[in-house]
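Worksheet: the structure to be examined is printed underneath.
None of these values were measured; they are calculated from a predicted model. Ligands are counted one by one from 1 in listed order, and the atoms in each one are counted from 1 as well.
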Amino acid sequence: MTILVTGGAGFIGSNFIHYMLENHYDYKLVCIDKLTYAGNLRNLEKVLGKSNFRFVKGDICDRELVNKIFEEESPDVVINFAAESHVDRSIENPDVFLMTNVLGTQVLLDASRKYGVKRFHQVSTDEVYGDLPLERRDLKFTEESPLKPSSPYSASKTAADLLVLAYHRTYGLPVTISRCSNNYGPYQFPEKLISLMIINAFNNKPLPVYGDGKNVRDWIHVKDHCEALNIILQKGKEGEVYNIGGNNERENIEIVKMILKELGKPEELIRFVKDRPGHDKRYAISTAKMEKEFGWHPKVDFEQGLRETINWYLENRDWWEEIINGEYMKYYERMYGERLK
Ligand code: NAD
Ligand code: DAU
């Protein structure tokens with residue numbers, strides 16, 4: 001079995017590659033990644049020399065290159081992680097989100113059709129459903145919930161989902177889609193809530209909490225996400241969408257306080273700053289379909305998973321110091337400079 005993993009040098013993709021190579025010794029994994037600011041070959045250090053792993057630096061929008069990889073490797077399965085993934089950056093500049101997330105997905109779908117695959121899996125997000133009101137804690141997104149994205153990022157992911165489903169209906173391409181909630185864990189680029197707050201707290205820098213900090217996200221450990229993806233690749237039905245969630249809803253401010261407590265830092269570091277435009281209130285995902293069809297449920301306890309993640313960042317300071325000493329500071333200044341004045 002050969003799996004083409006796109007975006008495998010990013011946070012979830014690299015965790016998935018590690019997970020699959022640890023659990024399926026007989027699989028070959030081929031990764032294509034453009035190595036944008038979010039892609040980091042250090043995330044794949046442990047597997048780069050393995051005989052059943054190949055890394056190709058390249059853009060999923062590059063049709064010629066994508067076709068060449070299909071000709072050389074004849075992948076049985078394609079799993080598409082490659083994306084621009086950060087909501088705040090999509091608000092600053094939507095262009096590249098449309099390019100990679102929509103047109104890049106189309107290039108992969110075309111190659112999958114042309115050369116034939118057993119499965120094309122699209123890694124999508126719960127953000128395609130928009131948000132839920134804070135005061136209706138009984139509501140959760142199911143696979144049937146209407147698509148109502150709020151940001152350029154989530155709109156681009158929704159467009160890609162619809163394209164994937166259209167290729168199934170029109171051309172009979174064997175596709176599946178998963179829509180997951182907020183991931184946390186090792187190798188997460190320090191622009192997302194948990195990774196950014198850990199690093200700022202460690203460095204005694206202010207922790208910028210958007211609005212009143214009461215927005216709710218459903219956090220899942222990346223290991224649980226990878227396990228669910230593997231199950232869908234093995235047992236998922238063509239044309240189906242599967243929601244993946246952590247059954248773990250938390251207000252942002254609660255998470256920030258947990259991180260400060262774990263690191264022994266004072267709450268005075270918290271700064272409530274100008275809100276994100278169009279900020280989604282609450283995400284909550286029903287995992288009933290994954291549980292009913294495959295008996296899957298998330299296993300990592302949040303307190304334990306967060307503690308382990310904090311320890312990973314403490315033990316891998318050189319990994320994130322290299323990041324925050326580069327281009328990152330310019331991004332940080334653009335995103336937070338005014339807000340933290
Ligand atoms: P990430 O930003 O950490 O990694 C994205 C990777 O894609 C990087 O390695 C980057 O170099 C690569 N990439 C970007 N554009 C590319 C292109 N044109 N060609 C080839 N490679 C390209 O993202 P992540 O958090 O690991 O998310 C991975 C996927 O999972 C995304 O599709 C995202 O929408 C989805 N997702 C993320 C979360 C989350 O909480 N992070 C939750 C649900 C779904
Ligand atoms: O739900 C899945 C999605 O989760 C994925 O599809 C996205 O790729 C991923 O980036 C994530 O999107 P969010 O916007 O929910 O994640 P982020 O970590 O950026 O923000 C989480 C919450 O924390 C959100 O309510 C905004 C808030 N926040 C974020 C940052 C970066 C802050 O209050 N301060 C911050 O500095």
Please state which protein non-hydrogen atom is closest to atom 36 (O) of ligand 2 and give its distance, to 0.1 Å?
Y336 OH, 2.6 Å
Pair W312 + Y184: ring centers closer than 6.0 Å
no
Mark the output for G104 as yes if a heavy-atom distance to ligand 1 is under 4.0 Å, and as no if none is.
no
Closest to atom 34 (N) of ligand 2 (judged by heavy-atom distance), picking from S154, S124, S151, P208:
P208
Looking only at distance, does H279 have an N or O less than 3.5 Å from an N or O of ligand 2?
yes
Heavy-atom distances under 4.0 Å are what count here, so tell me which part of H225 touches ligand 1: side chain, backbone, both or neither.
neither
Heavy-atom proximity to atom 14 (C) of ligand 1, picking from A82, G7, A83, points to A83
Taking distance alone, with no angle check, do S181 and ligand 2 share an N/O pair under 3.5 Å?
no
Check each heavy atom of L35 against ligand 1 and say whether those closer than 4.0 Å belong to the side chain, the backbone, both or neither.
backbone
Shortest non-hydrogen pair, V102 vs S156, comes out as CG2-O, 3.6 Å
Between C180 and ligand 1, is there a nitrogen or oxygen pair with a distance under 3.5 Å?
no
For atom 7 (C) of ligand 2, which of S85, C180, A83 has the closest heavy atom?
S85
Would you please indicate yes or no on a ring centroid separation below 6.0 angstrom for Y242 and F294?
yes
Are E191 and ligand 2 in contact, using a heavy-atom cut-off of under 4.0 Å?
yes
